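Not measured: the values here are computed from a predicted model. Every number for a ligand or one of its atoms is a count from 1 in the order of the listing.
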Amino acid sequence: MNENLLLTAEVADALAENRAVVALESSIVAQGLPAPDNIIVGQAMQDAVREQGAVPAMTALLDGRLRIGLTADEMARLAAAPDVRKCGGRDLGPAMALGLTGATTVSATVQLAAAAKIAVFGTGGIGGVHRIPAGNAAPARVDISADLLAMSRAAVAVVSSGAKSLLDLPTTLETLEALGVPVLGFGCDRFPAFYTAESDLSVTYRFDDLDQLADALRKHWSLPNAGGALVCNPPPADLAMAADEVETLVQGANAAAAAAGISGAPLTPFVLSHMRQASQDQTLRLNGALAIANAALAGQLAVQLAA
Ligand code: PSU
Ligand code: MN
């Protein structure tokens with residue numbers, strides 16, 4: 001085990017006894033959701049993992065130390081501090097050396113999960129290839145989330161509701177194909193687009209049986225140089241939105257961002273907050289509910305893999 005990784009006793013014991021553990025990212029708490037929903041959802045994700053008989057392991061960088069498993073107070077600290085960094089995988093080494101505190105995105109979390117030999121990770125949605133903003137005064141540039149390459153390198157199954165349709169989803173899926181990351185639908189043929197289950201894009205394979213999904217992962221990992229896999233769980237049907245409704249929200253938010261001259265890193269937070277307001281918090285309720293549902297499925301999958 002990497003000597004720089006600090007595991008809680010609960011997580012270390014579970015791993016030593018080959019019991020089920022589920023990694024959780026902390027960026028969803030620090031940057032992904034507004035207070036007070038961030039702490040409520042982060043706690044509910046951990047509870048959902050436990051209800052399935054698995055141990056939750058939220059990852060973060062606290063005062064320069066890589067942490068696997070956080071106390072409620074530590075998670076609250078990440079949720080409350082506005083200056084907590086958003087750390088991708090590439091940030092970890094330098095941020096450790098500088099003694100910084102940061103929340104981990106999908107790319108950092110899969111790297112830490114792999115280092116601790118945690119095979120399953122549950123989150124809301126992954127980052128992907130951004131759309132080139134139409135009508136934006138800023139020059140068009142490619143923005144590809146580090147999540148995609150990180151998933152190709154770490155043998156970790158990421159359970160999510162796909163990726164947000166504010167991204168370029170066809171190009172995101174092409175990139176996952178190029179990187180050798182299988183996209184596995186659990187009970188779905190279509191790639192879920194986070195807010196909506198109705199994308200017209202296909203997953204690589206569909207599984208309806210958890211046992212068979214676990215078998216597919218075991219066999220994927222039995223091959224040389226196999227990296228991760230993306231497991232897709234459609235958003236809860238009672239809160240999921242219609243595709244055209246989401247597209248209207250995305251376009252309204254993008255137009256507002258262009259008008260305000262916003263691009264680069266602040267773009268996604270701006271777009272999400274605009275969509276939240278325009279939907280009277282429906283996107284926020286959905287985001288929380290799908291993240292909790294994905295944590296539960298990740299718990300079930302981890303239990304199945306540990307059996
Ligand atoms: N997608 C979501 N919610 C999130 C994120 C993605 O629906 O909170 C976060 C995750 O931590 C993800 C990160 O890893 O954003 C991707 O950021 P970037 O596009 O800068 O790589
Ligand atoms: Mn980016």
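Near Lys86, meaning under 4.0 Å from one of its heavy atoms, ligand 1 places the atoms 17 (O), 18 (P), 20 (O). Listed by number with element, the atoms of ligand 1 under 4.0 Å from a non-hydrogen atom of Ser27 are 11 (O). The atoms of ligand 1 that sit less than 4.0 Å from any heavy atom of Phe194 are 7 (O).
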Discussion item. side-chain contact (heavy atoms from CB on, under 4.5 Å) for Ile28 and Leu33? Distances and angles first, verdict last.
Written reply: CA-CA 6 Å; Ile28 190 169; Leu33 294 167; 4.1 Å; yes
Fill in: Criterion side chain to side chain donor-acceptor pair (under 3.5 Å) on Gln304 and Gln300, from CA distance to verdict
CA-CA 6 Å; Gln304 189 77 44; Gln300 288 174 31; over 6 Å; no
Worksheet entry | side chain to side chain donor-acceptor pair (under 3.5 Å) between Arg67 and Thr59, intermediate numbers included | CA-CA 5 Å; Arg67 302 288 303 272; Thr59 65; over 6 Å; no
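Separating the CE atom in Met241 from the OG atom in Ser165 is a distance of 9.0 Å, to the nearest 0.5 Å. The distance from atom CG of Leu301 to atom CG of Leu184, rounded to the nearest 0.5 Å, is 9.5 Å.
The Mn ion (ligand 2) sits nearest to atom OD1 when only the N, O or S atoms of Asp143 are considered.
For a threshold of 3.5 Å applied to N or O pairs, the pair formed by Ser145 and ligand 1 contains at least one separation below that value. At least one N or O atom of Asp147 sits closer than 3.5 Å to an N or O atom of ligand 1. Any N or O atom pair closer than 3.5 Å counts here, and Ile28 shares no such pair with ligand 1.
Transitive grouping of hydrophobic side chains (ILVMFWY, heavy atoms separated by less than 4.5 Å) brings Leu305 and Tyr205 into a common cluster. Cluster annotation: Leu149 is connected to Ile126 through the hydrophobic network of ILVMFWY side chains, with a link wherever side-chain heavy atoms come within less than 4.5 Å.
With a heavy-atom cut-off of 4.0 Å, Glu25 touches ligand 1 through its side chain alone.
In this structure, the side chains of Met96 and Asn4 come closer than 4.5 Å at one or more pairs of heavy atoms.
For atom 3 (N) of ligand 1, the closest non-hydrogen atom on the protein side is Lys164 NZ, 3.4 Å. With hydrogens left out, the protein atom closest to atom 8 (O) of ligand 1 is Gly32 CA, 3.6 Å, a heavy atom. What sits closest to atom 5 (C) of ligand 1 on the protein, heavy atoms only, is Gly125 O, 4.2 Å.
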